[in-house]
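Accompanying notes for the structure given below.
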Amino acid sequence: MADTEKDHKSLLDNIKLILSKEDRIKDQVDKDRGLERYAKDLMLLMSLVKDYYQGNYRNIPYKTISAAVVGLLYVLNPIDIIPDFIPFIGQVDDALVIGFCLRLMEKDLNKYKTWKNEQSMSKESMSKESMSKDDAKSENKASDTEDKNAKTKKKSL
């Protein structure tokens with residue numbers, strides 16, 4: 001197996017691990033004072049990692065997705081430069097690492113955010129279109145029923 005294939009497989013394995021611990025990351029963001037300022041960006045980062053893993057979004061450089069994975073793995077690891085269990089300062093290093101990763105990948109994260117918003121708008125538009133078609137079908141059925149009722153009344157008169 002070529003080195004790039006091994007690297008990609010390792011990346012996907014690490015992403016799988018991160019996704020299995022998504023709730024733990026969310027909990028840590030909620031309770032961690034150092035990470036709370038990055039909460040929105042971290043959730044966007046989790047969404048990016050998930051979409052990458054599922055194959056929905058691959059328009060991202062390998063170094064960027066790797067930085068995201070490394071940053072999230074660092075946050076998950078309770079024993080790092082400053083262990084998380086140390087009160088008040090245990091999460092300072094987590095915030096520094098995540099802040100650095102987010103700055104490193106800012107442009108790619110913004111591109112992903114734009115893509116994600118376009119996907120949401122597209123789904124919303126398709127949903128409205130579908131609802132409009134359903135409404136038109138309902139109106140046609142109601143109109144047909146009214147026509148039948150009117151014909152039945154005429155025949156009975």
Side-chain angles (χ1 to χ4, degrees), residues 1-139 141:
M1 192 183 287
D3 284 343
T4 54
E5 288 179 42
K6 285 181 186 176
D7 290 345
H8 189 71
K9 182 178 178 345
S10 176
L11 176 71
L12 292 177
D13 290 343
N14 285 324
I15 290 174
K16 192 174 182 179
L17 172 69
I18 289 168
L19 294 178
S20 73
K21 309 264 186 200
E22 183 175 6
D23 290 337
R24 193 167 135 206
I25 290 174
K26 287 179 182 176
D27 289 344
Q28 196 161 340
V29 168
D30 290 341
K31 72 177 183 177
D32 186 340
R33 291 181 178 234
L35 292 177
E36 66 187 7
R37 68 178 151 203
Y38 300 116
K40 271 175 59 175
D41 289 335
L42 270 171
M43 293 304 103
L44 183 63
L45 192 58
M46 282 298 301
S47 181
L48 166 65
V49 168
K50 190 182 291 185
D51 278 333
Y52 181 88
Y53 183 75
Q54 294 171 344
N56 300 331
Y57 186 79
R58 293 287 173 101
N59 187 21
I60 187 162
Y62 186 79
K63 68 177 183 158
T64 301
I65 195 68
S66 297
V69 168
V70 167
L72 290 169
L73 285 173
Y74 191 86
V75 168
L76 278 172
N77 188 358
I79 301 181
D80 39 38
I81 295 172
I82 303 173
D84 292 346
F85 60 82
I86 298 175
F88 306 112
I89 63 165
Q91 289 78 28
V92 170
D93 60 325
D94 292 350
L96 289 171
V97 168
I98 286 299
F100 177 75
C101 287
L102 289 171
R103 268 186 247 112
L104 184 70
M105 61 186 353
E106 186 175 6
K107 287 180 185 176
D108 293 317
L109 202 54
N110 284 332
K111 285 179 189 176
Y112 171 73
K113 186 176 183 178
T114 300
W115 175 83
K116 190 81 169 163
N117 289 338
E118 288 171 356
Q119 297 303 303
S120 294
M121 290 178 8
S122 176
K123 285 180 184 176
E124 190 176 299
S125 159
M126 288 172 53
S127 177
K128 284 180 182 177
E129 218 175 270
S130 176
M131 287 174 60
S132 295
K133 288 178 183 177
D134 290 344
D135 289 345
K137 287 178 185 176
S138 296
E139 286 178 20
K141 285 181 184 177

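- Under the 4.5 Å side-chain criterion, counting only non-hydrogen atoms from C-beta, Met46 is in contact with Ile18.
- Trp115 places a side-chain heavy atom less than 4.5 Å from the side chain of Asn56.
- The distance from atom CG of Asn59 to atom CG of Asp51, rounded to the nearest 0.5 Å, is 12.5 Å.
- Between the side chain of Ser122 and the main chain of Glu118, no donor-acceptor pair closer than 3.5 Å is present.
- At a threshold of 4.5 Å between non-hydrogen side-chain atoms, the residues Leu76 and Ile25 count as touching.
- Leu45 and Ala68 get closest at one heavy-atom pair: CD1-CB, 3.4 Å.
- In this structure, Leu72 and Ile15 have side chains that are not in contact, with every pair of non-hydrogen atoms separated by 4.5 Å or more.
- The two residues Tyr53 and Leu12 make their nearest non-hydrogen contact at CE1-O, 3.6 Å.
- Atom NZ of Lys116 is surrounded by more than 12 heavy atoms from other residues, nucleotides or ligands within 6.0 Å.
- Rounding to the nearest 0.5 Å places NZ of Lys40 at 13.0 Å from CG of Leu102.
- Looking only at side-chain heavy atoms (C-beta outward), Tyr112 and Ile60 stay at 4.5 Å or farther from each other.
- Using bins of under 30°, 30° to 60° and over 60° for the plane-to-plane angle, the ring pair Tyr62/His8 lands in the tilted bin.
- For the atom pair CD of Glu106 and CG of Leu104, the computed distance is 10.5 Å after rounding to the nearest 0.5 Å.
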- Task: Please lay out, stage by stage, how Leu73 and Leu17 fare under the test side-chain contact (heavy atoms from CB on, under 4.5 Å).
- Result: CA-CA 9 Å; Leu73 285 173; Leu17 172 69; 3.7 Å; yes

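- Between Gly71 and Val97, the shortest heavy-atom distance links the atoms CA-CG1, 4.2 Å.
- Between atom CG of residue Asp41 and atom CG of residue Leu48 there is a gap of 11.5 Å, rounded to the nearest 0.5 Å.
- Put simply, OG on Ser47 and NZ on Lys113 are 11.5 Å apart, with the number rounded to the nearest 0.5 Å.
- The shortest distance between side-chain heavy atoms of Val70 and Cys101 does not fall below 4.5 Å.
- Comment: Lys9 does not engage Glu5 in a salt bridge, judged by the lack of any side-chain N to carboxylate O separation of less than 4.0 angstrom.
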